[in-house]
Amino acid sequence: VSKILIVDDDVSILDGLGTLLRDRYEVLVASNGEEAVDRLGAVPVDLVVLDMLMPLLDGEGVLREIRSRGLQVPVIVASARGDRLADFRALGADDFIEKPYDVGALEKKIDRLLTLRANPPAAS
Amino acid sequence: MPVDGLEPVAAGVFPLEQYRTLVENSPLLMWRSGPGGQRDYFNETWLRFTGRSLAQELADGWLEGVHPDDSPRCVETMLDHVRKREPFEREFRLRRHDGLYRFVSERGMPFYNEAEFGGFLGACWDVQQRREAESAQESALRMMAHELRTPLQSLSMFIELMRRNSERGQPSPSEIFSKARSQLDRLSRLFTDLLEASRVAELPLSLEPLDLEGLVKTVVETRSRALKAQGSARHAITLTREKRPFPVEADRLRLEQAFGNLLDNALKYSPRGGAIDVAMRSQNGWHSVSVCDAGIGIPPEDVQSVGQRFFRAGNASSNNFPGLGVGFALARESVERMRGAVRIESTLGRGTCVTMTLPAWETEGP
């Protein structure tokens with residue numbers, strides 16, 4: 001089973017999304033950026049769903065930290081700031097979903113990235 | 001028609017001395033420049049604003065007070081205006097006597113001696129507050145969208161859970177319904193807050209004598225229970241009080257709300273947790289409650305402004321501490337309407353203490 005880390009400062013989102021995704025994946029949660037970075041340092045995960053607006057360390061900080069540690073884990077940014085898509089990509093986000101989103105749509109994105117990770121395209 | 005015993009005068013026929021009085025006491029920062037753009041006059045208001053002497057400001061001296069980022073543009077546009085000899089308007093940051101840069105709006109009018117271009121007459125006025133209000137409004141709208149979006153997002157998740165359960169012919173545990181319900185409650189609370197913010201000054205207060213200690217205790221207990229229910233052990237709220245009664249005359253609902261806002265802020269702005277000390281004291285006919293946290297604190301330059309609605313301190317960006325910036329302002333406005341006061345003391349990076357004071361309610365007789 002793939003291991004997914006959900007990072008969001010809102011407990012109800014961690015709760016709701018966590019319950020939904022636990023059907024198919026193993027789910028870890030973190031309620032702020034620092035916790036997320038700690039988690040990632042302790043356990044290898046297969047994918048991260050990352051909120052951007054958080055205290056202590058925001059989503060951008062987490063993305064920077066992940067990439068500066070050389071972690072290749074795919075990250076889906078969940079944010080209301082669709083206008084900042086290019087910035088998120090530049091920071092190393094693999095995909096983006098605009099809040100509020102449909103969980104089915106998020107699951108499709110998760111599956112796509114997990115498949116890509118399991119069968120990386122041959123280097124050209 | 002005579003006005004107050006005087007004949008109305010056409011502009012331009014005032015005695016010079018009266019013009020002088022007008023100009024030197026005007027709320028506008030005024031100046032004059034020669035044909036080359038170099039300034040040869042500043043009024044009293046200008047000199048009081050910048051806290052500099054006329055000699056320092058003359059010619060291009062005043063440019064030293066212009067924000068370094070704005071000064072090249074200022075010089076450039078000045079040369080352009082001198083060339084065109086047309087009226088102009090612009091905004092830039094000018095250093096006030098206290099060292100703070102304020103945005104000022106400036107208007108310049110060309111003047112002529114006989115037919116010869118003489119230079120510009122100009123006036124500036126402080127537009128910092130207007131600019132701050134505009135940007136506060138903008139960020140308030142953005143935050144409002146965020147604050148509404150979050151409960152909507154989780155509500156849609158809980159409903160999706162119920163849908164998936166029903167698709168499989170499984171009943172949904174009742175807690176999912178309560179969770180969905182609590183997100184709805186959260187939405188309606190947000191709407192109530194917004195409505196409150198728009199009409200707090202108009203709603204009549206319903207004052208009654210009440211026991212401040214009981215009210216504070218209830219709010220503290222509610223918050224402590226909520227923290228426990230969320231499984232959050234980061235904060236410990238302690239209540240200390242002098243052993244004496246704390247009777248006040250207040251609007252119960254509003255006072256609960258005001259104190260609740262102060263307590264919520266203390267929790268929110270101490271994201272690493274720690275002790276929240278609530279202390280009740282009494283002195284000289286005033287009862288006070290203070291809420292102290294060991295949180296992020298407020299930058300000194302922002303302490304004065306946190307009482308304004310929609311103001312967010314510089315270290316509370318929408319990226320890390322979502323909020324509308326109305327909680328403290330509403331609390332302060334409410335308490336002031338109950339003839340009380342709210343005081344704030346803060347050290348950046350160390351924490352904040354907010355003290356709410358109300359006049360003691362004296363019962364009849366000695």
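All chains are named by letter (A, B, ...) in the order of the sequence lines, taking the proteins before the strands, and each is independently numbered beginning at 1.
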Just give me the residue among B/L152, B/T150, B/I296 that pairs up with chain A most often, heavy atom to heavy atom, under 4.5 Å. B/T150
Can you name the closest pair of heavy atoms from B/M157 and A/V103 and give their distance? CG-CG2, 3.7 Å
Are more than 12 heavy atoms from other residues, nucleotides or ligands located less than 6.0 Å from atom CD of B/Q129? no
Got more than 12 heavy atoms from elsewhere within 6.0 Å of CD, B/E134? yes
When you check the gap from the basic side-chain N to the acidic O, do A/E107 and B/R164 get nearer than 4.0 Å? yes
Would you say that more than 12 heavy atoms from the other residues, nucleotides or ligands in this model lie under 6.0 Å from the CZ of A/R22, or not? yes
Chain B: which of A/D23, A/L14, A/D8 shares the most heavy-atom pairs with it under 4.5 Å? A/D23
Examine whether an atom of B/S156 lies under 4.5 Å from a heavy atom of chain A, and if so say whether it belongs to the side chain, the backbone or both; otherwise answer neither. side chain
Identify which part of A/D51 has an atom lying under 4.5 Å from any heavy atom of chain B, answering side chain, backbone, both or neither. neither
Mark yes when over 12 heavy atoms from residues, nucleotides or ligands other than B/L100 sit less than 6.0 Å from its CG; otherwise mark no. yes
With a 4.5 Å limit on heavy-atom distance, are the side chains of B/F158 and A/D15 in contact? yes
A/L53 side, atom CG; B/R149 side, atom CZ - distance, nearest 0.5 Å: 9.0 Å
How many angstroms lie between atom CG of B/L161 and atom OG1 of A/T19, to the nearest 0.5 angstrom? 5.5 Å
Would you say CZ of B/R130 has more than 12 non-hydrogen atoms from neighbouring residues, nucleotides or ligands within 6.0 angstrom? yes
Side chain, backbone, both or neither: which part of B/E160 has an atom under 4.5 Å from a heavy atom of chain A? both
Residue pair A/I13 / B/S154: nearest heavy atoms and the distance that separates them: CG1-CB, 3.8 Å
If you compare all heavy atoms of A/P100 against all heavy atoms of B/Q153, which two are closest, and at what distance to 0.1 Å? CA-OE1, 2.9 Å
Can you confirm whether B/R163 is buried at CZ, in the sense that more than 12 heavy atoms of other residues, nucleotides or ligands lie under 6.0 Å from that atom? yes
Does the pair A/D10/B/R186 count as a salt bridge with the N-to-O cut at 4.0 Å? yes
